[in-house]
Amino acid sequence: MTLSHNHPPIRISFLFPIFALLLVLFTTTITAQRIEKPAVFKDHWKDFDPVARNFGPASTPVKYHREEVRAGNFPAECVSEAKGKCDMSDMKAFKVTYDDCSEPWIFCHCQKAEVDLDHTIDIFSRVPVKARSYVKNVMLWPANQKAAAYAWSNNIGVHYPQINLFIMLHEVGHIIERGLSKSEEYKKALEGDTCVLTPYSQSSYGEAVGDLGAFVWYDGVDPEESKRVYDKWGMKCLGNQWALLKERIGPLFVPGGECPERVNRNTEFVRMRRESTKRQVNTYSSGGASGRNGKRALPGRQTVLQRVGSARRSTDDHEHDHDHDHSKGGGIMDWLAGREYHA
C-alpha cells in the first residue's frame, strides 16, 4: 500500500505543556561526566518551555511519500533493537521519501507503539536535509518511562508519543556532532565558559552539545529571535560552546539546499518469516553498501541471526558513543515523582 501525503499540520498545542518532562526523558549515559556549571534556563517549566514552543512554528515542513515495505522485511538494526521492545510480528517497516531527497529513509514502526507514524515523519521532515542525511533509520517503540528518545549507531529511537522538534533535533545533534563532545576542542570551550544551557545539559558533555545544538538550529531559522533570547537570558556565559557548535554543526542545520549523498545509508534488509510466534531464520540475498562513515558492508548472503549479530556489533564501535543503558533511570525518576507519564 502506498500513500502520498501533503504535510499534516504539526500538533503544537499538546507538545509542550510537559516540556520539562520531555527534556529529562532523553536517555543518558549513567557513567558520563557531569558538568558542574549552572544552567542558563534554571527552570524548565517557567524558563525554557516558552522558548521551545517557538521551534515548531519556526520550522518548515517537507512533503513526503511513504510506502510500506514488503511484509517481513526489516533493516537488520531494527531487528536487533526490537529485542525487549517489540515482537517482530507487531513490526512494520516503511520507506519514506521526502520531496527534498530522492533516497528514502526507513521507519520501523512497532504497531503497539503510542507514537504516531505520520506525526514522527512530519517532525523528522523539519530537520534540515543536510543533517537528516546522517541518520540511517528511525524506530518507533512503545512508551518507556526511562527514555523519550535516543540515538545509537546513527539511528534514532522514539518512545514518547508526543515527540517534538526539540527532541528530534537533540537526537540528530548527537549523530552529526561526530565526536565533538569528546574532543579537547570542546572541553577547552567548556572550560572557558561559566554555564550550560539547561539542567539536563549538566548531565554530560554529550547532552550539553545535544541541547545547545538544537538551539544552533533555531539560530539558523530565526536569527533575530534567537539573538533576542540569547541577550535576554545572558547566554554569553556559554559563548565559547556557542561559537564552536555554530562553526562545526551550524552548516548542517541550515534549512534548504540540495540533498547530499546519504552519509549514513539505510541498514541492509533481512527477511523474517514467522509461524505462530516462533522466529524462523531465513537467508536473504542482497548486495548492500556501507555509508561513508567507514562501516563495513554486510556480505551478500547471511542468515538473519548472523545479520542481526552484525548490526548489534556495529553499535559497539559507533562514533558518537551515545548507546545508553535503558534499564536505569539515571535520576529521571526523581524528576518524574508525582507526575503522570502521558500527554
Problem - Main-chain N/O of P223 paired with S226 side-chain donor or acceptor, under 3.5 Å - result: no
Handout entry: K37 (side chain) donor-acceptor with D193 (main chain) under 3.5 angstrom
Key = yes
Handout entry: Polar side-chain atom of N73 near backbone of V69 as donor-acceptor pair, under 3.5 Å
Key = no
Practice task
Give the intermediate values and the outcome of side chain to side chain contact (heavy atoms under 4.5 Å, CB included) for residues T198 and V40.
Solution key: CA-CA 6 Å; T198 70; V40 171; over 6 Å; no
Problem - Donor-acceptor under 3.5 Å (K246 side chain, A243 main chain) - result: no
Handout entry: From E103 atom CD to C259 atom SG, the distance as rounded to the nearest 0.5 Å
Key = 7.0 Å
Problem - Residue K227 excluded, over 12 heavy atoms near NZ under 6.0 Å - result: no
Fill in the blank from the handout: Scanning both residues in full, the closest heavy-atom pair of R248 with R178 reads O-NH2, 4.1 Å
Problem - Where K187 and K182 come nearest, the two heavy atoms and their spacing - result: CE-O, 4.0 Å
Fill in the blank from the handout: Nearest heavy-atom contact between I249 and G213 is CD1-CA, 3.7 Å
Exercise for the section: Determine whether the side chains of Q241 and Y186 contain a donor N or O and an acceptor N or O closer than 3.5 Å. Expected result: yes
Problem - R53 (side chain) donor-acceptor with V51 (main chain) under 3.5 angstrom - result: no
Exercise for the section: Rounded to the nearest 0.5 Å, what's the gap from OG on S201 to CG on D211? Could you check? Expected result: 3.5 Å
Problem - Contact check, side chains of I176 and K130, non-hydrogen atoms, under 4.5 Å - result: no
Handout entry: Minimum side-chain heavy-atom gap D219-E225 below 4.5 Å
Key = no
Completion exercise
Interatomic distance, OG@S125 vs NZ@K63, rounded to 0.5 Å, equals 12.0 Å
Handout entry: Contact check, side chains of L180 and L245, non-hydrogen atoms, under 4.5 Å
Key = yes
Exercise for the section: Report yes or no: is the cationic atom of R132 (NZ for Lys, CZ for Arg) under 6.0 Å from the centre of the six-membered ring of Y98, at an angle within 45° of the ring normal? Expected result: yes
Exercise for the section: Please tell me if the side chains of L190 and N240 come closer than 4.5 Å, counting only heavy atoms from C-beta onward. Expected result: no
Problem - E114 side chain to H159 side chain, donor-acceptor N/O pair below 3.5 angstrom - result: no
Exercise for the section: State, with a plain yes or no, whether a side-chain heavy atom of F215 is found less than 4.5 Å away from one of L169. Expected result: no
Practice task
Verify the cluster assignment for F55 and V254: are they in a single hydrophobic cluster under the rule of side-chain heavy atoms below 4.5 Å apart?
Solution key: no
Practice task
Let me see the working for W105 and Y64 under side-chain hydrogen bond (donor to acceptor under 3.5 Å, both in side chains), right down to the final yes or no.
Solution key: CA-CA 11 Å; W105 281 262; Y64 64 89; over 6 Å; no
Fill in the blank from the handout: The reported gap from CD in E261 to OG in S133 (rounded to nearest 0.5 angstrom) is 9.5 Å
Exercise for the section: Using a strict cut-off of less than 4.0 Å between a Lys/Arg side-chain nitrogen and an Asp/Glu carboxylate oxygen, indicate whether R66 and D118 qualify as a salt bridge. Expected result: yes
Completion exercise
Here the gap from M139 atom CE to I106 atom CD1, rounded to the nearest 0.5 Å, amounts to 11.0 Å
Exercise for the section: Report yes or no: do Q162 and H119 form a side-chain donor-acceptor pair below 3.5 Å? Expected result: no
Fill in the blank from the handout: Between V196 and L238 the two heavy atoms that sit nearest each other are C-CD2, 3.7 Å
Practice task
Report the C-alpha separation of S153 and E77 in whole Å, then their side-chain angles, then the decisive distance to 0.1 Å, and conclude whether the side chain to side chain contact (heavy atoms under 4.5 Å, CB included) test is met.
Solution key: CA-CA 9 Å; S153 196; E77 287 172 322; 3.6 Å; yes
Handout entry: T120 side-chain N/O to D116 backbone N/O, donor-acceptor pair under 3.5 Å
Key = yes
Practice task
With side chain to side chain contact (heavy atoms under 4.5 Å, CB included) as the test, would you mind laying out the steps for E185 and L244 before giving the verdict?
Solution key: CA-CA 8 Å; E185 190 177 12; L244 179 60; 3.3 Å; yes
Practice task
For the pair W217 and V172, evaluate side chain to side chain contact (heavy atoms under 4.5 Å, CB included) and give the outcome as yes or no after the intermediate values.
Solution key: CA-CA 11 Å; W217 167 87; V172 172; over 6 Å; no
Problem - Donor-acceptor pair between E177 and S181 side chains, under 3.5 angstrom - result: yes
Problem - Side chain to side chain, F41 and D49, heavy atoms closer than 4.5 Å - result: no
Handout entry: Expected output: side-chain N155 to main-chain V138 donor-acceptor under 3.5 Å
Key = no
Exercise for the section: Before accepting this row, confirm whether a basic side-chain N of the pair E224/R228 lies closer than 4.0 Å to the acidic partner's carboxylate O. Expected result: no
Handout entry: 4.5 Å side-chain heavy-atom contact, Y218 and F253
Key = no
Exercise for the section: Can you see which heavy atom on I167 is nearest to which on I163, and at what distance? Expected result: CG2-CD1, 3.2 Å
Handout entry: F48 and F166 aromatic centres sub-6.0 Å
Key = yes
Handout entry: Any side-chain heavy-atom pair of C110 and M91 under 4.5 Å
Key = yes
Exercise for the section: Ignoring hydrogens and angles, tell me if any N or O in the side chain of Q202 forms a donor-acceptor pair with the backbone of I35 under 3.5 Å. Expected result: no
Problem - Shortest non-hydrogen contact from E81 toward W152 - result: OE1-CZ2, 3.3 Å
Practice task
Look at the aromatic rings of H109 and F94 and report parallel, tilted or perpendicular, splitting at 30° and 60°.
Solution key: tilted
Practice task
Please round to the nearest 0.5 Å and tell me the distance separating atom CG of L212 and atom NE2 of H170.
Solution key: 11.5 Å
Practice task
Would you check if the side chain of D90 reaches a backbone N or O of K112 as a donor-acceptor pair within less than 3.5 Å?
Solution key: no
